[in-house]
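Beneath this line is the structure, given in structure tokens, with notes to follow.
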Amino acid sequence: MIPACPLADLPRGEAFRLEIDPPVSVFHTEDGELFAIDDTCTHQDASLADGWVEGCWVECPLHASKFNLKTGAVDAPPAKRPVRTHEVLVEDGMIYVRLSAATPNLPPCVATKLAGVLA
Amino acid sequence: MTSTSLPDSLIATLPGTSYTDPAIFAQEQECIFETMWFCVARSSELTKPGAFRTVDVGRESILVTRARDNSIRAYFNVCRHRGARLCTEAAGEVKRAFQCPYHAWTYGLDGKLVAAPNLTKMPDVGRTEYGLTPVATREWLGYVWVCLAENPPSFEEDVIGEVVTRLGDAEAIERYGMESLSVGSRITYDVKANWKLIIENFMECYHCATIHPELTEVLPEFADGFAAQYYVGHGAEFGEEVQGFTVDGSAGLDRIPGVAEDQDRRYYAITVKPQVFINLVPDHVIFHRMYPVAVDRTIVECDWLYMPHVVDSGRDVSRSVELFDRVNRQDFDACERTQPGMSSRMYAKGGVLVPSEHHIGAFHDWVHERLGTHQSQ
Ligand code: FES
Ligand code: FES
Ligand SMILES: [Fe+2]
């Protein structure tokens with residue numbers, strides 16, 4: 001379990017970006033639910049934490065593909081592959097994330113970097 | 001010098017080149033339009049956050065919008081990445097951000113850089129520092145003014161001050177409650193003339209009896225050729241038989257309640273340099289702003305403002321609008337007829353101003369002063 005931030009520091013409608021590799025973001029929806037997904041859009045290297053949350057979807061700030069915060073599914077191109085979802089827990093006012101064991105769907109340039117290959 | 005040999009009744013105008021030389025126009029863009037307060041839009045055009053308009057101010061394209069908190073914002077319409085023009089439309093609406101069509105740098109309505117490809121890999125790129133470059137804004141009379149100067153001059157002195165000089169005090173115009181009036185009509189004119197010809201025309205009434213038959217019918221004192229702007233606080237009185245400020249003198253619309261007794265049945269004209277004209281009559285306000293686009297071309301946008309219920313109820317404002325629409329066309333035709341003469345060899349040293357036009361000389365002095373050019377007389 002990775003500690004993210006105190007719940008009190010994450011108001012509804014905002015996101016917290018965990019600077020791990022690859023980064024993960026915790027979203028606090030307007031309805032008060034908490035979700036964690038991979039922060040990087042699967043289309044290009046954009047931070048979904050900078051996107052716009054509506055209901056349980058986050059819209060990528062660059063080309064408007066939307067990801068479902070519950071399932072990670074993408075609604076429409078240009079992004080085609082889903083993001084991973086991660087388990088969120090709150091203990092003593094602290095938000096924790098349990099990372100998914102699945103392989104992340106990263107956009108091409110980030111995937112190359114993670115694989116240690118020079119682009 | 002020819003000007004020293006002029007008879008006492010006449011004073012010289014600017015030389016012809018002042019109206020034809022692109023280099024002089026470029027100086028005016030720099031020293032006048034990009035330095036002074038410049039009116040760009042009616043506040044109500046920006047209906048909600050994300051509504052925007054792009055306007056050329058001098059040589060710059062400026063993006064005017066409304067942020068989430070409903071405040072008016074203006075920015076240089078230039079992407080901070082590699083300079084692409086951000087918005088190419090004259091007006092429109094974005095949902096939540098302005099996105100550059102080149103590499104998708106994305107800016108919030110508050111100008112901050114919200115997102116860009118690979119931005120999280122560049123944590124040293126400040127979101128405000130690399131946000132859109134803001135421009136000073138002010139709202140007054142229901143209009144948005146911007147100023148591109150790094151240290152804008154006092155709005156109170158430069159803009160409100162012009163109205164005070166003309167009317168005696170700012171209260172005189174505030175009585176018309178312009179910010180709460182509605183736009184009943186807007187007409188845009190594409191005038192093939194230098195912006196100064198349009199100002200000079202607006203400042204004098206020597207031409208009124210010749211080219212404005214309808215206006216002179218409504219305001220008989222205009223026939224004597226003395227401009228409505230000649231005396232401080234003076235408004236031209238409607239003719240006795242005239243019921244309203246309309247093309248045929250028929251009744252106008254509902255009077256604006258704040259208008260004082262001594263302002264009733266009178267027409268006041270104000271020039272706010274460098275590009276705004278305000279015309280006040282008891283039931284409406286006619287508001288012109290000029291957008292100079294080239295040395296020989298000026299776009300003029302003109303609004304007719306009425307009480308909101310007059311516009312909302314769909315009352316017929318056509319005779320009211322038609323009066324000043326005709327005046328505008330008559331004036332702009334005259335300006336267009338004058339523009340070609342500006343490049344005539346015969347007009348190289350300019351023309352002359354008769355006594356009822358002598359106050360235009362003060363405008364010419366002002367132009368010289370702004371450009372730092374010396375006086376010829
Ligand atoms: S980067 Fe997310 S849709 Fe293109
Ligand atoms: S020029 Fe605007 S994003 Fe590159
Ligand atoms: Fe006129």
If you measure only the distance, is there a donor-acceptor pair under 3.5 Å linking the side chains of [X] and [Y]?
| X | Y | answer |
| --- | --- | --- |
| B/E301 | B/Y291 | yes |
| B/R186 | B/T188 | no |
| B/S71 | B/D69 | yes |
| B/E28 | B/W195 | yes |
| A/S47 | A/D39 | yes |

Neighbourhood of chain A inside residues 88-109 of chain B, taking heavy atoms under 4.5 Å as contact: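 Those residues of residues 88-109 of chain B which have a heavy atom under 4.5 Å from chain A are B/K95, B/R96, B/A97, B/Q99, B/A104, B/T106.
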Residue pair A/E87, A/K70: steps toward the salt bridge (Lys or Arg N to Asp or Glu O under 4.0 Å) verdict: CA-CA 10 Å; A/E87 196 183 333; A/K70 283 183 189 159; over 6 Å; no
